[in-house]
Protein chains: 2
Amino acid sequence: MARRSKTAPAVRKPAAARPAEVQASALRRTRREHATETAKDYVEAIADITALHGEARAVELARRLGVTHVTVVRTVARLQRDGYVSAKPYRSIFLTEKGSRLAEESRQRHEVVVAFLRSLGVPEEIAQTDAEGIEHHVSPETLAAFKRCAASRR
Amino acid sequence: MARRSKTAPAVRKPAAARPAEVQASALRRTRREHATETAKDYVEAIADITALHGEARAVELARRLGVTHVTVVRTVARLQRDGYVSAKPYRSIFLTEKGSRLAEESRQRHEVVVAFLRSLGVPEEIAQTDAEGIEHHVSPETLAAFKRCAASRR
DNA sequence: TTAGAAATGTAGCCATAGCTACATGTTATG
DNA sequence: CATAACATGTAGCTATGGCTACATTTCTAA
Ligand SMILES: [Mn+2]
Ligand SMILES: [Mn+2]
Ligand SMILES: [Mn+2]
Ligand SMILES: [Mn+2]
């Protein structure tokens, strides 16, 4: 690395610099989580909508996800390709077994994160919003810690 | 909405169904956060590398971010376009004033999240990894709650 | 001083995920 | 039972952010 030596001054000596390779794998994991995030949010929304309205239509998904129906249609096609949903043209969208499992997992995880944030005193709506992002980046260890902590503060 | 009524059974009646518009805006915020995430992780890495090695080269950024140098070069071009860094061909990369500010903010936020997870009993390396994703989805309210909670457990 | 190694740049590919504009299908209702 | 409103589909655009393969530049060291 130190091929070019130069005059730049050392600005701040970080106490414990994370080794490059460790940070790289953390960022890789974050990117992997982002890749699965869409599927989780969609199947969860499909389950919610089905529970509420008896069926999940693209329009309602678009409303709930804050995107246009075009985006929904294309994403649902990917979900179908990946085995999470079944869908036929102009019909409503159904979760497969695989999709249902993922939806249920996602719902539970979402609830744990929200309950935990609530237990810290974060207001409901803010907790819901933060959870929507945080939920995808919580390791099993941290999820367990969240449950423990929320329980101990109840 | 209920234009098509049909035979589908109500499966689960969610206690408090989030209104569609509320969830939509939460997901929109999450997407917005993802759009700024790359910039934050890059400027933070550039600051770290500069502190460690006296300068930030693309190769080292690539190593630390877990991507190829090509990805770094293209992302750095965007960062330059957006005023976070200055860079000249075959030279090292410098943070602008704007970039330094963002790096410092990001570093602090990262530290708060890690310290909080550590205070819950999450091991250091797992805390570091989770923080890499969580840090981008923490509202001011939740960040404050994290600080409070970590302090009270010290 | 120069050859080779290392770093950087460029061309061109891919997938995801957003959009508008317009075409087509479905259904509620007058 | 026709039609208009609504839902869905399609075409085609954008940006981000990954990649490989290859070209070019810089720097080190023989
Ligand atoms: Mn989410
Ligand atoms: Mn995220
Ligand atoms: Mn991060
Ligand atoms: Mn970070």
Side-chain angles (χ1 to χ4, degrees), chain A residues 1-6 20 24-25 27-42 45-46 49 53 55-82 84-94 133 136, chain B residues 1-6 20 24-25 27-42 45-46 49 53-82 84-94 136:
Chain A
M1 247 321 69
R3 275 175 67 232
R4 297 164 180 82
S5 24
K6 67 310 334 206
S25 78
L27 290 166
R28 265 190 274 255
R29 204 198 75 183
T30 300
R31 291 195 296 266
R32 219 178 312 129
E33 286 159 350
H34 286 160
T36 58
E37 176 163 344
T38 305
K40 291 179 182 171
D41 288 339
Y42 269 70
I46 292 167
I49 292 168
H53 298 149
E55 63 173 354
R57 308 290 314 200
V59 180
E60 182 58 22
L61 264 177
R63 219 187 312 280
R64 187 168 290 259
L65 297 166
V67 297
T68 65
H69 85 273
V70 182
T71 299
V72 167
V73 165
R74 297 181 19 133
T75 305
V76 166
R78 274 199 299 279
L79 294 179
Q80 189 163 23
R81 179 198 65 190
D82 297 341
Y84 294 109
V85 307
S86 66
K88 282 190 289 200
Y90 298 103
R91 299 296 166 208
S92 52
I93 298 152
F94 300 95
H136 306 284
Chain B
M1 247 321 69
R3 275 175 67 231
R4 296 166 180 82
S5 25
K6 67 312 332 209
S25 78
L27 290 166
R28 265 190 275 255
R29 205 199 73 181
T30 300
R31 292 195 296 267
R32 219 178 312 131
E33 286 159 350
H34 286 160
T36 59
E37 176 161 343
T38 304
K40 291 179 181 171
D41 287 340
Y42 270 69
I46 292 167
I49 292 168
H53 298 148
E55 65 173 354
R57 309 290 315 199
V59 176
E60 183 58 22
L61 265 176
R63 220 188 310 280
R64 187 167 290 257
L65 296 166
V67 296
T68 64
H69 85 274
V70 181
T71 298
V72 167
V73 164
R74 296 179 21 129
T75 304
V76 165
R78 275 199 299 278
L79 294 179
Q80 189 164 22
R81 178 199 66 191
D82 298 341
Y84 294 110
V85 308
S86 66
K88 282 190 289 199
Y90 297 104
R91 298 296 167 209
S92 52
I93 297 151
F94 300 96
H136 306 284

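Chain letters run A, B, ... following the sequence lines, proteins first, then strands; residues in each count from 1. Owing to the predicted nature of the structure, the values given are computational and were not obtained by experimental measurement. Only heavy atoms go into these numbers, but all of them, side chains included; no hydrogens, no water, no symmetry mates.
Distances shown here put a side-chain N or O of B:T38 below 4.0 Å from the OP1 or OP2 atom of D:dG17. For C:dG18, one of the phosphate oxygens OP1 or OP2 lies less than 4.0 angstrom from a side-chain nitrogen or oxygen of B:R31. Side-chain nitrogen and oxygen atoms of A:T68 include at least one within less than 4.0 Å of the OP1 or OP2 phosphate oxygen of C:dC19. The phosphate of D:dG18 has neither OP1 nor OP2 within less than 4.0 Å of any side-chain N or O from B:T71. Contact annotation: B:R91 reaches the phosphate of D:dC27 (side-chain N/O to OP1 or OP2, under 4.0 Å). For the OP1/OP2 pair of C:dT16 and a distance below 4.0 Å, the side-chain nitrogens and oxygens of A:R81 include at least one atom meeting the criterion.
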Task: Test log, rule side-chain contact (heavy atoms from CB on, under 4.5 Å), inputs B:I46 and B:I49 - done: CA-CA 5 Å; B:I46 292 167; B:I49 292 168; 5.9 Å; no
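Among the atoms of the strands shown, only primed sugar atoms or phosphate atoms (P, OP1, OP2) are found under 4.0 Å from some heavy atom of A:V67. The residue B:R28 sits apart from the nucleic acid: no heavy atom pair falls under 4.0 Å.
B:H69 has its NE2 atom 15 Å from the C1' atom of D:dG17, to the nearest Å. Counting to the nearest Å, the C1' atom of D:dG18 and the CZ atom of A:R32 are 14 Å from each other. Taking atom OH on B:Y90 and atom P on C:dT10, their separation rounds to 7 Å, with Å as the unit. Going from atom CZ of A:R57 over to atom C1' of D:dG9 covers 13 Å, rounded to whole Å. Counting to the nearest Å, the P atom of D:dA15 and the CZ atom of B:R78 are 11 Å from each other. Counting to the nearest Å, the P atom of C:dA17 and the CD atom of A:E37 are 9 Å from each other. The interatomic distance linking B:L61 (CG) with D:dG17 (P) rounds to 14 Å, in whole Å. Following rounding to the nearest Å, A:L79 (CG) and C:dT16 (P) show an atom-to-atom distance of 11 Å.
Remark: the backbone N or O of B:Y90 is paired with a side-chain donor or acceptor of B:R57 at under 3.5 angstrom.
If you find the closest nucleotide of DNA chain D to B:P89 and to A:A58, the one lying nearer the 5' end belongs to A:A58.
Applying the 3.5 Å distance criterion, the base of C:dA17 shares a donor-acceptor pair with the side chain of A:R74.
B:A20 approaches A:E60 most closely through the heavy-atom pair CB-OE2, 4.0 Å. In terms of heavy-atom proximity, B:V67 sits nearest to B:Y42 at CG2-OH, 4.1 Å. Listed here is the closest heavy atom pair of A:R64 and B:L27: O-CD1, 3.8 Å.
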